Amino acid sequence: MEAIAISRNTGAWNVSSVTSLFELPFLDLMHKAQEVHRRHHAPNQVQLSTLMSIKTGACTEDCAYCPQSKHHDTSLAEESRLAALEEVLTAARAARDQGAQRFCMGAAWRSPTERQLDDVLEMVSAVKALGMETCVTLGMLKAGQAERLREAGLDYYNHNLDTSPEFYGNIITTRTYQDRLDTLHAVREAGIKVCCGGIVGLGESRRERAGLLAQLANLNPYPESVPINNLVRVAGTPLADVEAVDEFEFVRTIAVARIIMPDAVLRLSAGRTEMSDATQALCFMAGANSIFYGDELLTTANPQQDKDRALMERLGLRVMETEVAAHATRQVATACQTKESPALA
Ligand code: SAM
Ligand code: DTB
Ligand code: SF4
């Protein structure tokens, strides 16, 4: 474990060196990112994860971007119960049959209780038994909880740093940056792969975006999976009217992440519904090689699956070959035959 940890961490990134990458001419930055991407990844492959909200809304935390916080005036202030196992399995089977390789389950909790975790453990084992990779995002975890998740067969735990340490206090006050680092440490120690990224467009500066990426890259080792979300501005949240980030700045963020975390799978996450196909293509060019695949994220829209299949076909992108890819590719081939969209087969 330790040897891998050291080999996958450069440890050399500080905010200024990362900011310098952001400042490169756009085409130079893209060229550098492509070079790194091609050295470390199959350039035309994209990993597909489907997301399901297993417990929605009424969250005690005050994350300014999030429609599920009960501190904000959105329609998700009511407590919702944890989804039933059967409901989760039906959604996971459907996702698998549409070609998703990983099933990610999200809960709007500050942290799970032991009782809540018991139920999630059942979900993890059952989804794993379908032949899919599993990921959950449940808020803060204690070491023992991370170990129980690992024993249930969990592959990835998603817990984002969201933004730079300096900007963090403008966005969340109910838990600290250190709380997040502690959860990531517990997950890593338990032997679960780490999915950790952040959000662009919270009102942060370029230097603060660089600060987030430097934090991620200096985790030892850096995360296997790095979701880069473009803020989905939801009415009723404090960030509903924040100015959108320039699309090239978003692409630059992906390119810089690719250069400083060469082996990570980079996920072009929330915010794709508002992005043109051309911008998404630039993100793939910059090194993004994973997307959420499915009509919904947790509570907001994601591009329709048909639309994503068509985009992948137009760009000649194929489903990433992972451990479960053989199975997923067969499923997509079937889905594509019915939909007459053969590119993923
Ligand atoms: N409650 C858990 C937590 O916060 O760790 C898990 C679910 S939470 C919704 C997972 C992540 O979704 C957040 O850390 C944030 O990065 C992302 N997210 C939430 N709302 C978003 C939005 N409006 N736009 C973009 N990303 C968002
Ligand atoms: C992540 O980084 N993005 C996903 C996943 N991890 C859990 C969540 C995006 C949520 C977007 C807003 C919503 O749909 O509620
Ligand atoms: Fe709760 Fe997670 Fe949303 Fe924060 S991001 S309010 S912790 S669901």
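As the structure lists them, so they are numbered: ligands from 1, and atoms in each ligand from 1. Small disclaimer: the values here were computed from a predicted structure and weren't measured.
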Run down the list Leu297, Leu298, Asn158, Asp162 and name the one with the heavy atom closest to atom 8 (C) of ligand 2.
Leu298
Please work out, at 4.0 Å between heavy atoms, whether the side chain, the backbone, both, or neither of Ile199 comes within that distance of ligand 1.
side chain
Would you mind running through ligand 1 and noting each atom that sits below 4.0 Å from a heavy atom of His159?
5 (O)
How does Val232 reach ligand 1, by side chain, by backbone, by both or by neither, if only non-hydrogen atoms under 4.0 Å count?
both
Indicate yes or no: does an N/O atom of Val234 lie under 3.5 Å from an N/O atom of ligand 1?
no
Judged on heavy-atom distance to atom 12 (C) of ligand 2, which of Thr300, Val232, Asn229, Asn302 sits nearest?
Thr300
Are more than 12 heavy atoms from other residues, nucleotides or ligands located less than 6.0 Å from atom NE2 of His40?
yes
Ligand 3 atoms nearer than 4.0 angstrom to some heavy atom of Ala108 are 8 (S)
Which residue and heavy atom of the protein sit nearest atom 4 (C) of ligand 2, plus the separation:
Phe292 CE1, 3.6 Å
Please classify the Asp162 to ligand 1 contact at 4.0 Å (heavy-atom distances, strictly less than): side chain, backbone, both or neither.
side chain
Can you tell me which residue among Lys193, Arg188, Arg267 is in a salt bridge (Lys or Arg N to Asp or Glu O under 4.0 Å) with Glu224?
Arg188
Over 12 foreign heavy atoms within 6.0 Å of CG, Asp241
no
Within a radius of less than 6.0 Å around CE of Met285, do more than 12 heavy atoms belonging to other residues, nucleotides or ligands occur?
no
Which atoms of ligand 2 are found less than 4.0 Å from any heavy atom of Thr299?
13 (C), 14 (O), 15 (O)
Stepwise side chain to side chain contact (heavy atoms under 4.5 Å, CB included) test for Leu202 and Tyr65
CA-CA 7 Å; Leu202 300 171; Tyr65 50 75; 3.9 Å; yes
Short version for Arg110: what comes under 4.0 Å of ligand 1, heavy atoms counted, is neither
Inspect the contact between Arg314 and Asp277 and indicate whether a charged nitrogen and a carboxylate oxygen are less than 4.0 angstrom apart.
yes
Just to confirm my output: which protein heavy-atom neighbour is closest to atom 6 (C) of ligand 1, and how far is it?
Thr137 OG1, 3.1 Å
When you look for heavy atoms under 4.0 Å from ligand 3, do you find them on the side chain of Lys70, its backbone, both, or neither?
neither
Do side-chain atoms of Tyr157 reach the backbone of Ala186 as a donor and acceptor pair under 3.5 angstrom?
no
Ligand 2 to Pro227, heavy atom cutoff 4.0 Å, flagged ligand atoms 2 (O)
CA sep, side-chain torsions, deciding dist, call: Asp308, Arg272, salt bridge (charged side-chain N to carboxylate O under 4.0 Å, His left out):
CA-CA 10 Å; Asp308 277 341; Arg272 286 197 301 119; 2.8 Å; yes
Does Glu243 CD have over 12 foreign heavy atoms under 6.0 Å away?
no
Tell me which one of Tyr65, Tyr157, Trp109 gets a heavy atom nearest to atom 19 (C) of ligand 1.
Tyr65
Arg309 side, atom CZ; Leu317 side, atom CG - distance, nearest 0.5 Å:
14.5 Å
On a heavy-atom basis, the closest approach of Thr74 and Pro67 is OG1-O, 2.6 Å
Closer than 4.0 Å to some heavy atom of Gly139 - which atoms of ligand 1 meet that?
2 (C), 5 (O)
Test salt bridge (charged side-chain N to carboxylate O under 4.0 Å, His left out) applied to Arg209 and Glu249, step by step
CA-CA 10 Å; Arg209 277 190 280 286; Glu249 182 69 9; 3.1 Å; yes
Any N or O of Asn160 closer than 3.5 Å to N or O of ligand 1
yes
Enumerate the atoms of ligand 1 whose separation from the nearest heavy atom of Ala270 is less than 4.0 angstrom.
25 (C)
Find out whether the Lys NZ or Arg CZ of Arg252 is both under 6.0 angstrom from the six-membered ring centre of Phe26 and within 45° of the ring's axis.
no
Mark up the atoms of ligand 2 that fall under 4.0 Å of a heavy atom belonging to Thr137, in ascending order.
7 (C)
Take every heavy atom of Arg175, measure it against each atom of ligand 1, and state whether any distance is under 4.0 Å.
yes
Heavy-atom distances under 4.0 Å are what count here, so tell me which part of Pro227 touches ligand 1: side chain, backbone, both or neither.
neither
I'd like to know if the side chain of His31 pairs up with that of Glu35 as donor and acceptor (distance under 3.5 Å, no hydrogens or angles considered).
yes
Which atoms from ligand 2 have a heavy atom of Asn160 less than 4.0 Å away?
1 (C), 2 (O)
Does Cys63 put an N, O or S atom under 2.8 Å from atom 3 (Fe) of ligand 3?
no
Is the closest heavy atom of Gly197 to ligand 1 under 4.0 Å?
no
Close-contact set for ligand 1 against Leu298 heavy atoms, below 4.0 Å
9 (C)
